[in-house]
Amino acid sequence: MANYYTDHPEIAFHLDHPLMHRIVELKERNFADKEKYADAPVDYEDCIENYKRLLEILGDIAANIIAPNSEDVDLEGPHLENGRMKYASKTVENMDALRKAGLCGVSLARRYGGLNLPNLVFSMCSELVSAADASLQNIWSLQSCADTLYEFGDEDQRMRFLPRICAGETMSMDLTEPDAGSDLQRVMLKATWSEKDGCWLLNGVKRFITNGDSDIHLVLARSEEGSKDGRGLSMFIYDKRQGGVNVRHIEHKLGIHGSPTCELTYKNAKAELCGERRLGLIKAVMALMNAARLGIGAQSSGLSQEAYNEAVRYASERAQFGKTIEHFPGVYDMLSRMKAKLDAGRTLLYHTAAHVDIYKCLEDIQRERPLTAEERQEMKKYTRLADAFTPICKGMTSEYANQNAYDGISVHGGSGFIMEYKCQRLLRDARIFSIYEGTTQLQVVAAVRYITNGTYSAIIREMLEDAVAPQYEGLKARVAKMADLYDESVEYVKAAGNQEMQDFLARRLYDMTGEIIMSLLLLRDASKAPELFGKSAEVYTRMAEENVAGKSAYVLAFKAEDLPSFRAVTPEE
């Protein structure tokens, strides 16, 4: 019987991440829960076995319930009834299976009914669900909004809401409005304190809200009358049981059909403040978006795996000119690149998740006791690393998911254009990954300061110090040359002193950053498990070498006076 976890040993490999011992040590607090909860691990080895058992259960559900239901979900989708959203019938079945397996709210602490999973393992779970049905991952994984509620809410709010999430209720983050997409400082949904009701009342419209008719909402609203910017925004908790919010419209989308994208109307909806006033955008949304971007990385990795699986399956069965097409150079080149991008994106995802785990665990410990000087330094280090890696992870993995889905159709040839093949749905589903939760262009904007201040260069140089297996020394030397080209390109752009030129070339520098880092991560992985990653390390490094050389040549030949010829010309001009 198929299992989306055990069928792919590359996932389990990352449970042995170099930081995993430290993550478990921090997450489990010296395994204190073993005295209170029967299912809590008693030591490190027990903890890892727990993760493996959980992933195997989820892998079984993903392969044998969620994936077989995905076509029906895509065709039916959610629908609107009297101002309420109704999931597709098979989505209800999928969520019921996850709920009965105890796989809801898995990242939350055991005292709320969760499984206390670190981000690294939660990302693995997200990947498995997404491989089976990316639209379901949106519904199930948005329960990670609960982590933001935990971080900024008080203990009373945690005890009232978080157990409901662990019991299977759903969440959404209501941020976007008709006139406030990427520019959330323009949010105008109004929050007014009502002395009569003893609570905040929300009025306005939210648009493009994923899973918008959820049970519990985190809502960004303008609490400070007369304010115009982000300093007037606060985060609120809205409970659907209170009423006051209706679904005006469900978007008819290109892909992820099972995931409802709603337009909501708030009419005196009762809500409560989550965290401090005026910090809704500055703190809460930033934390929420970083978590969501890690989630898109997992969603992208899962879909990339499924696109590759479908392509390999078709290529091994489709015969032309007396042999199966997997033996044609043009096809096996595509397949090898798909696998290399899959492995590269996945290792970047879990490496990023590991950094997030350490600083988030230390932040949580800080709520209970003062950190030691060494712990404060550790938290500072991994906060910086997580902030630097997250935009690279979200952008690169989502772009690779799109490329793998596209190439998957190419492997299928004309059949890939026929709706009965899964590959067409994967392409439709993947397209949103590089758009929502911050477009790739916005990830470039988030990453560019780490490019220009030398953070990424220092990371790359430190990674180049790590030893690799003897058979990969040659590849490592080639990556070192890429790093030299990268540094030369960055210094050239900085020396030009032209902001517009820097902005124009930033995407090329961003891509080079990601390609070099992922090459080094793959060489690390291949040194430990050549049977799993050796081929991908070679293919990816060669591909990165080709790309970095080309992008570096482009950057180093560019001059500020070249910019006018690239600006868009309007019809009037």
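Index from 1, following the sequence.
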>> The criterion is side chain to side chain donor-acceptor pair (under 3.5 Å); which residues satisfy it with Asp357, sequence neighbours excluded?
In response: Asn119

> Do the non-hydrogen side-chain atoms of Ile61 and Tyr4 ever get within less than 4.5 Å of each other?
Replying inline: no

> According to the interplanar angle, ranging from 0 to 90°, do the rings of His217 and Tyr238 count as parallel (below 30°), tilted (30 to 60°) or perpendicular (above 60°)?
Replying inline: perpendicular

> Looking at Glu10, Arg346, Glu127, which one forms a side-chain hydrogen bond (donor to acceptor under 3.5 Å, both in side chains) with Gln305?
Replying inline: Arg346

> Taking only residues two or more places apart in sequence or in another chain, which ones pass ring pair (Phe, Tyr, Trp, His ring centres under 6.0 Å) with Phe433?
Replying inline: none

> Would a line drawn from the ring center of Phe161 to the ring center of Tyr112 be shorter than 6.0 Å?
Replying inline: no

> Tyr450 vs Tyr456 aromatic rings, parallel, tilted or perpendicular, using cut-offs 30° and 60°?
Replying inline: perpendicular

> Between Arg84 and Glu81, is there a salt bridge with N-O shorter than 4.0 Å?
Replying inline: no

>> When you measure from the side chain of Ser126 to the backbone of Ser123, do you find a donor-acceptor pair of N or O atoms at a distance under 3.5 Å?
In response: no

>> Show every ring-ring contact (aromatic ring centres under 6.0 Å, His included) that has at least one partner inside residues 128-148, sequence neighbours left out.
In response: Phe122-Trp140

> Looking at side-chain heavy atoms only, is the closest gap between Tyr400 and Met396 below 4.5 Å?
Replying inline: yes

>> Taking the side chain as everything from C-beta on, heavy atoms only, tell me whether Leu288 gets closer than 4.5 Å to Cys145.
In response: yes

>> For Asp183, is the CG atom crowded, meaning more than 12 foreign heavy atoms sit under 6.0 Å from it?
In response: yes

>> Salt bridge check, Asp407 against Arg337: does any charged N sit closer than 4.0 Å to a carboxylate O?
In response: no

> For the residue pair His351 and His17, does the interplanar ring angle fall in the parallel (under 30°), tilted (30 to 60°) or perpendicular (over 60°) class?
Replying inline: tilted

> With a 4.0 Å cut-off, would you call Lys360 and Glu151 a salt bridge?
Replying inline: yes

>> Salt bridge check, Asp239 against Arg160: does any charged N sit closer than 4.0 Å to a carboxylate O?
In response: no

> Should Glu169 and Arg241 count as an ion pair when the cut-off is N to O under 4.0 Å?
Replying inline: yes

> If you measure from the Lys or Arg side-chain nitrogens to the Asp or Glu carboxylate oxygens, is any gap between Asp429 and Arg425 under 4.0 Å?
Replying inline: yes

>> Could you tell me if the side chain of Val245 sits less than 4.5 Å from the side chain of Lys240, heavy atoms only?
In response: no

